[in-house]
2 protein chains.
Amino acid sequence: MLDERKKKVLQAIVEQYINTAEPVSSNAIICHNGLDCSSATIRNEMAELEKNGYLDKTHTSSGRIPSEKGYRYYVDELINDNDISKEEIKYISSKLETKVNEIEDLTKIAANTISEITHYTTVSIGPKTNNQIIEEIKFVLLGTRMMMAVILTDTGLVKETIIKFDEDITPKQVETINYMFNNKLKGQPIETIDRPLEEYLYDEMTYSVNVIKPIIEQIKKVLEEDEKIYLEGANKSFDLPEFNSLEVAKNFVSILDTKELMSDMLNSGFAEDINVYIGEENEKEELKDFSVVTFKHNVNGKNLGTIGIIGPKRMDYSKVISVMKYINKKLNENKDM
Amino acid sequence: MLDERKKKVLQAIVEQYINTAEPVSSNAIICHNGLDCSSATIRNEMAELEKNGYLDKTHTSSGRIPSEKGYRYYVDELINDNDISKEEIKYISSKLETKVNEIEDLTKIAANTISEITHYTTVSIGPKTNNQIIEEIKFVLLGTRMMMAVILTDTGLVKETIIKFDEDITPKQVETINYMFNNKLKGQPIETIDRPLEEYLYDEMTYSVNVIKPIIEQIKKVLEEDEKIYLEGANKSFDLPEFNSLEVAKNFVSILDTKELMSDMLNSGFAEDINVYIGEENEKEELKDFSVVTFKHNVNGKNLGTIGIIGPKRMDYSKVISVMKYINKKLNENKDM
DNA sequence: TTTAGCACTCTTTGTTATCGACTGCTAACT
DNA sequence: AGTTAGCAGTCGATAACAAAGAGTGCTAAA
């Protein structure tokens, strides 16, 4: 455990370093509230904090910067998780009140708002289809050889896809397909569609495989499809001093470009929490120089979207966590939307 | 007009500079095919080419680099627009044979292929709705207060949107709406939807504005909606030496991030051509340090997508233009898809 | 336990010198 | 007249060195 003064010194260093991105000297923090002692005393405290792994030096005669352990302690013990102004609350509310027709858009708006307030890059993905219950499934004929399938789930998620055929389809066939699929699938979890083809064909000998097969294959394809990943404020990060190294900047762009990486990053977090990964805490090698904060927008255990911030380890954790907490709360209030 | 030797010198300099990104010295090109004279002669030619504006110097004692006028001459007169290998042709064909259900995906695949072969960043947008003829418009009830509208056009473009209502909708109402809209809109250009609301309401006094109004508003919204812009290989550009300057790299990311800029860039080109904009030839201030090559995928004067490459002025124009020409040809062959 | 003071360390910045690549020009050559 | 060899001159890149400045660690006194 750290004594009170050490906590204050650590907090002062972390917060100052977050602000300035420069190593913090003993002189620079003596004026920090609650710390009225000389720079020499601070130096002694800093030396000890460094010995215990909370601080790092860039070289022997430099000021100190927080180590990952230091950031972690700050996030766990010293953070202000209500660091959000009235104006920000107002702005968030107004943004989230936007009428949306698809849930996916709500996630995008939330991600955009977070990026605007925190000035960090956000990454988001839409709802996960698993766990969702099929409320309705509809087939619509478009022309003569094209069909659209629309699936509506209990959380209001809508998935649609186009299916093409090698033969003409009659309206009567569509009607039967509608009846048949709804009969089998209504009220079932969406994964049910993944069952073997034969099951669907048992009682419907009149329907050729030519019609049913492409339908099921296409629907499965759409449901399994790579989630679309939305970026907000990718270029905001470039204004930060840590991105002044070309290598880091390049690396960052390439990370954002790697969809699987972003997808894994967002999906790995725990459900009902704000997840903070600092540097080496990230599972993925590529992210070990960054910090990532994520949260999931859940309703009744069903995921309606996940939003993550990716930025330097020197991230304004107070602001980021405060804003995320508030937006998460707001999203849950608006369940009925 | 340039005499034969000057053409050869210019071509050698442009091609070598494209390869190496280093100013080209007189010594470096004497071995170039068809040029058997001394470096001193080349120097004289280079001096004259510079006087005429085809070449630039970075400083007094450096080699030469092509000026924008030099690139332009190269593109117009010296280019090999069939610079494409058998393997590349094979690869392109295999990629374009991918079965797609929506035309938009075809543009994406083409853009992806171009980026893979040229190693430059590509930008693409899907079909434009204007000029398209409505072939069919369908409304499907989802639940009780939600409806999906699907519009199919003559080129196979499918647009769909969700509409929410404040009151319950009956299947009978949907049937009438389907009839009513198809009656009015089938065979009409898609812009017809933009006509004033009253026209639709004339003969349908039984339908409350509460139902018709949100439908038309939402459809109009979707049709006017910002086109989605797809990027491929954004990070490929970062391996080029011109992006070693942090300022340029930052600039580039911010350009790619600006949707209106990208949209204008793609939309400005002429229809049936490969459009090449070199540096200052770009209308947009932000692009004046880059070169842009675009082409539109058109069928019967209807735009089904536009693809652009954005890269350094030192772009491999031969390769880029060859690949684009070939892909454009291929896309037009596959009209029926 | 705290603090003043000072030697020491290390980065940053600026200066100067040197090397090497290329051009431009002149004079000779075909 | 066109071409070429040769050489002086220019400029960028690199390295070596000096000086300044910021900050620490340690020691000894309060």
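A quick note: this is a predicted structure, and the numbers were derived from the prediction, not measured. Every chain is numbered from 1, with letters handed out A, B, ... down the list of sequences.
Atom CG of A:Asn27 is separated from atom P of C:dT3 by 13 Å (rounded to the nearest Å). Across the protein-nucleic acid pair, A:Glu48 atom CD and C:dT1 atom C1' stand 13 Å apart, rounded to whole Å. Rounding to whole angstrom units, CG of residue B:Asp36 and C1' of C:dT30 are separated by 16 Å. Remark: C1' of C:dT2 and CD1 of A:Ile42 are 11 Å apart, rounded to the nearest angstrom. The distance between atom CG of B:Asp56 and atom P of C:dT23, rounded to the nearest whole Å, is 14 Å. The separation between A:Leu55 atom CG and D:dG23 atom P is 15 Å, rounded to whole Å. Protein atom CG of A:Leu49 is 12 Å distant from nucleotide atom P of D:dG25, rounded to whole Å. Per the geometry, CG belonging to A:Asp3 stands 15 Å off C1' belonging to C:dT2, to the nearest Å.
Classification of B:Lys250 and B:Glu247 as a salt-bridged pair fails, no side-chain N sitting under 4.0 Å from a carboxylate O. Taking 4.0 Å as the cut-off between side-chain N and carboxylate O, B:Arg64 and B:Asp56 do not count as a salt-bridged pair. Between A:Arg5 and A:Glu45, at least one side-chain N (NZ, or NE/NH1/NH2) sits under 4.0 Å from a carboxylate O, which counts as a salt bridge. Look at A:Glu281 and A:Arg72 and you find a salt bridge, because one of the NZ, NE, NH1 or NH2 atoms lies within 4.0 Å of a carboxylate O, short of that distance. Look at B:Glu232 and B:Lys108 and you find no salt bridge, because none of the NZ, NE, NH1 or NH2 atoms lies under 4.0 Å from a carboxylate O.
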Review point. Do B:Tyr71 and B:Val14 pass the side-chain contact (heavy atoms from CB on, under 4.5 Å) test, and can you show the C-alpha distance, the side-chain angles, and the key distance before you say yes or no?
Key: CA-CA 7 Å; B:Tyr71 284 125; B:Val14 170; 4.2 Å; yes

Check your understanding: Taking it one step at a time, do B:Leu55 and B:Ser67 satisfy side-chain contact (heavy atoms from CB on, under 4.5 Å)?
Key -> CA-CA 5 Å; B:Leu55 296 178; B:Ser67 69; 5.9 Å; no

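Across all non-hydrogen atoms, the minimal contact from A:Pro66 to A:Tyr17 is CD-CD2, 3.4 Å.
Residues of residues 57-64 of chain B that place a heavy atom closer than 4.0 Å to DNA chain D, in numerical order, are B:His59, B:Thr60, B:Ser61.
Judged by closest nucleotide on DNA chain D, B:Ser38 is the one of A:Ser25 and B:Ser38 placed further toward the 5' end.
If you check C:dT23, D:dT4, C:dT3 against the side chain of A:Thr41, the one that comes closest is C:dT3.
When the side-chain nitrogen and oxygen atoms of A:Ser39 are compared with OP1 and OP2 of D:dG23, none of them lie within a distance under 4.0 Å.
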Please write out the pairs of protein N or O atoms and N or O atoms of nucleotides 26-30 of chain D separated by less than 3.5 Å, giving the distance to one decimal.
none

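Ring-plane geometry between A:Phe243 and A:Phe252 is classed as perpendicular, the angle between the planes exceeding 60 degrees on a 0 to 90 degree scale with a lower cut at 30.
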